[in-house]
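In what follows, a single structure is set out as structure tokens and then discussed.
First the proteins, then the strands, lettered A, B, ... as listed; each starts at 1. Quick note: numbers below take in every heavy atom, side chains included, and nothing from hydrogens, waters or symmetry partners. As the structure is a prediction and not an experimental result, all values here were calculated from the model.
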2 protein chains.
Amino acid sequence: MLSKKTRYAIKALVILGKNFGEAPMQIQKIASEEHIPKKFLEQILLDLRNAGLLYSKKGAGGGYGLVKDPAEIFVVQVLRLTGGPIALLPCVSLNFYQRCEECSNEATCGVRDVFLEVRNATLKILSETSIADVIRREGHLLDNLKV
Amino acid sequence: MLSKKTRYAIKALVILGKNFGEAPMQIQKIASEEHIPKKFLEQILLDLRNAGLLYSKKGAGGGYGLVKDPAEIFVVQVLRLTGGPIALLPCVSLNFYQRCEECSNEATCGVRDVFLEVRNATLKILSETSIADVIRREGHLLDNLKV
DNA sequence: ATAATGTATATAGATTTAGTAGACTTTATT
DNA sequence: AATAAAGTCTACTAAATCTATATACATTAT
């Protein structure tokens with residue numbers, strides 16, 4: 001399961017994606033629109049900024065904005081930045097690999113092999129889906145509801 | 001990420017799967033072969049037994065065994081029994097559904113839509129893969145190493 | 001009778017997560 | 001220059017969860 005931190009990060013990027021090209025948006029506004037605790041969101045946005053995804057502007061009229069086009073930011077990046085696990089086993093994680101202590105032979109572990117397949121399937125989706133895609137999906141869902 | 005409980009449960013079922021049709025196998029033996037803390041494994045096997053996956057036999061010569069053929073036990077069942085999350089968001093979980101508190105409209109949430117796709121991909125693999133398949137995969141991995 | 005095994009419940013320690021607090025810095029506006 | 005509106009940074013705490021251990025008990029084979 002993703003942490004709330006990761007969930008909030010994605011949602012914040014989506015709302016900032018919708019705002020791309022406009023004036024920066026305030027933490028307070030994002031927090032209240034997405035119902036995210038403000039102080040918690042502050043930390044998250046700071047992380048995303050330090051990772052180079054967001055720019056920030058201090059002082060009155062300040063706020064946050066995306067550094068690049070939402071079509072160039074992929075969901076998988078957000079998971080990795082916020083420490084959200086992609087793999088279901090540490091031994092199949094690309095970026096947070098850890099040996100399973102109990103495992104006698106990783107190379108022949110059938111369990112690992114299954115979860116390698118799962119990880120690949122997950123990774124494919126998340127690395128092909130951009131923030132812009134997420135926004136597009138919202139549009140489609142809305143259209144479908146109206147029909 | 002799966003809990004160790006889930007990981008150990010799958011590994012225990014795999015070793016019991018290899019032993020299917022033989023005399024029951026002792027907790028102690030499973031624990032030492034798979035390097036799982038014995039007392040922890042006791043609880044896990046008990047859960048799997050109470051869920052109807054294993055039978056047990058007390059006393060000397062006792063132990064645990066699979067109730068049904070390893071080809072009829074699917075990895076997805078084990079995750080569900082041991083509380084391992086399949087979905088990455090609570091709002092896309094079939095068996096442990098929970099609304100995302102912060103979400104204004106689940107029906108049009110693009111983030112949810114993406115993770116619904118991820119869940120479906122994961123679920124497909126895990127519900128098509130049996131304990132027998134895991135054992136088969138180990139065989140293939142071993143063969144490939146030898147070549 | 002004894003030893004080998006599983007059953008059941010409680011509890012403790014460690015880790016992680018989620019959220020809060022508070023003091024500080026920068027910038028626009030008046 | 002003063003003030004208010006923002007973001008920055010670090011520390012802390014509360015709660016939950018996970019992992020593991022302890023202990024007493026029940027059953028069965030020999």
* What's the spacing between L141(A) CG and R136(A) CZ if we round to 0.5 Å? -> 13.0 Å

* Structure fact -> Atom CD of E42(B) and atom P of dT19(D) are separated, to the nearest Å, by 17 Å

* Taking for each residue the nucleotide of DNA chain D with the nearest heavy atom, is it E101(A) or G59(B) whose nucleotide lies nearer the 5' end? -> E101(A)

* To do: Grab the CD1-P distance between I36(A) and dT17(C) for me, whole Å please.
  => 18 Å

* To do: Could you tell me the separation between the CG atom of L46(A) and the P atom of dC9(D), rounded to a whole number of Å?
  => 5 Å

* **Atom pair distance, as rounded to whole Å: CG in D47(A) and P in dT8(D)** => 11 Å

* **Rounded distance (Å) that lies between atom C1' of dT5(C) and atom CD1 of I30(B)** => 13 Å

* **Proximity to the side chain of Q26(A) - top-ranked nucleotide from dA6(D), dG6(C), dA20(D)** => dA6(D)

* Mind jotting down which residue pairs meet the side chain to side chain donor-acceptor pair (under 3.5 Å) criterion with at least one end in residues 56-83 of chain A? Sequence neighbours excluded, please. => T6(A)-T82(A), R49(A)-S56(A)

* **Distance in Å, K11(B) NZ paired with S104(A) OG, rounded so as to fall on 0.5 Å steps** => 7.5 Å

* Considering just the side-chain nitrogens and oxygens of S56(B), establish if one lies under 4.0 Å of OP1 or OP2 belonging to dT7(C). => yes

* Is it true that E117(B) and R137(A) have a side-chain N and a carboxylate O under 4.0 angstrom from each other? -> yes

* To do: Rounded to the nearest angstrom, tell me the gap between atom CD in Q43(A) and atom P in dG19(C).
  => 11 Å

* Asked: When all nucleic acid strands are considered with a 4.0 Å heavy-atom cut-off, which category describes K39(A): base, sugar-phosphate, or nothing?
  -> base

* To do: For Y55(B) and dT7(C), give me the distance from atom OH to atom C1', rounded to whole Å.
  => 17 Å

* Asked: OP1, OP2 of dT7(C) versus side-chain N and O of R49(B): anything below 4.0 Å?
  -> yes

* Asked: To the nearest angstrom, how far is L2(A) atom CG from dA18(C) atom P?
  -> 10 Å

* To do: Let me know, please, whether G61(A) or Y64(B) comes out on the 5' side of the other along DNA chain C by nearest nucleotide.
  => Y64(B)

* Structure fact -> Picking from dT19(D), dG7(D), dA4(C), the nucleotide nearest the side-chain atoms of A60(B) would be dA4(C)

* Report yes if a side-chain nitrogen or oxygen of K57(A) is closer than 4.0 Å to either non-bridging phosphate oxygen (OP1 or OP2) of dA28(C); otherwise report no. => yes

* To do: Identify whether any heavy atom of L45(A) sits under 4.0 Å from a base atom; if not, whether one sits that close to sugar-phosphate; answer base, sugar-phosphate or nothing.
  => nothing

* What is the distance from atom CZ of R112(B) to atom CG of N105(B), rounded to the nearest 0.5 Å? -> 10.0 Å

